[in-house]
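Both counts, for ligands and for their atoms, begin at 1 and track the order of listing.
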Amino acid sequence: MGSEYYVTYTSSEDLSAEVAELLSSIEESFSTKVESSVVSRINAAGVGSISLTEEESAVLERCFALAEASEGAFDPAILPLVKVWGFDPPYLMNGEVPPTQEAINAAKAISSYTLFTYSRQNATITKSLAGAELDLGAAIKGYAAERVRDLVKDKASEALVYVGGTIAAVGKNYEIGVTPPRDSEESFAFRFTLKTGEICATSGDYERFYTYEGVRYHHILDGKTGYPATAGVISATVVGEDGLLCDALATAVVVLGAEKGAALLEKCGAKGAIVTSDKKIVDCGLSVIVKDKSYEIA
Ligand code: ADP
Ligand code: MG
């Protein structure tokens, strides 16, 4: 998944091998970088159906449900656009020059979850347009964190799980500081309490980006425009018990903007904190404490 993980825990057992094995198996199932993964098999296939294992089916069901609920703000089939912008590994970002409008239009036409039909009953996914491709990168680290949490919760009295920026708390509450999305003297912009069993995920426009002719181009794309999201959200943190959902929602909120994003969090039963480009923090039930005084609660 191109990221690091760690788990700190209190237990009489050594859980490291089990955790590593679980994360490898998730990567093998869902990474675009692994040829045998379900995602790669779907992407390599033409028009038609692919049958899914129980786990693949469950993950895709959750991804497609959020694609619908967010009206494509989280779009698990946005890979052609991600590629044209160069935000896929090895992250060359198209030489830090935006792609041509023509290239964006061509990729946009084949980037949509609506080009796939997921069937729970048949445990299949069907592609209706050759060239359409899946990328679960915006949700799978949350899924991985959730699976690791569930693995360690019966074996460790306390644990903090970190998978590529998605964090789970087990056995006690943890104070979590969120990275300032802009240059800061502080190590975190604000903090909140992650309760035992909960997972948090943060997405923002500061993680992978470049500036071209004074405009910031970042890695969270709006499938409706074909461009990096410009809805005025620079960082979105989402908290809940469903890790996959929190991770995917964090990405969706950056695309939707603060107002629609907050409404989607409420609809999905998640908490969060949304930071806008004018450095206001929209607190959606997290009771955040501000550290970097250049930010203020909206
Ligand atoms: P990261 O995984 O970098 O921490 P995210 O969870 O926000 O951050 O995922 C961003 C990645 O997801 C991008 O690098 C890209 O591969 C993909 N992506 C970009 N825009 C979207 C989108 N609107 N919906 C789903 N996936 C997206
Ligand atoms: Mg995400």
Proximal protein residues to ligand 1, non-hydrogen atoms under 4.0 angstrom: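 Ligand 1 pocket, heavy atoms under 4.0 Å: A73, F74, D75, I78, V82, F87, D135, G137, A138, K141, S203, E207, H219, I220, L221, D247, T251, V255.
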N, O or S of T251 under 2.8 Å from the Mg ion (ligand 2):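 Given the 2.8 Å cut-off, T251 counts as a ligand of the Mg ion (ligand 2).
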Metal proximity, A138 vs the Mg ion (ligand 2), N/O/S cut-off 2.8 Å: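 Yes, within the cut-off.
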Pi-cation contact, Y295 with K293 (under 6.0 Å, within 45°):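 Not satisfied by the 6.0 Å and 45° rule.
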Neighbour count above 12 (heavy atom, 6.0 Å) for E259 CD: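 Open.
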D183, CG atom: more than 12 neighbouring heavy atoms under 6.0 Å: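 Not buried by this count: 12 neighbours or fewer within 6.0 Å.
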Geometric class of the Y162/Y6 ring pair [parallel <30°, tilted 30-60°, perpendicular >60°]: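 Parallel.
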Passing option when Y143 is tested against R147, E146, K141 for side chain to side chain donor-acceptor pair (under 3.5 Å):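 Single side chain to side chain donor-acceptor pair (under 3.5 Å) partner of Y143 among R147, E146, K141: R147.
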side-chain hydrogen bond (donor to acceptor under 3.5 Å, both in side chains) against K271, all qualifying residues, sequence neighbours excluded: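 K271 satisfies side-chain hydrogen bond (donor to acceptor under 3.5 Å, both in side chains) with E198 only.
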Pair S37, S29: side-chain N/O donor-acceptor within cut-off below 3.5 Å: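 No, no side-chain donor-acceptor contact under 3.5 Å.
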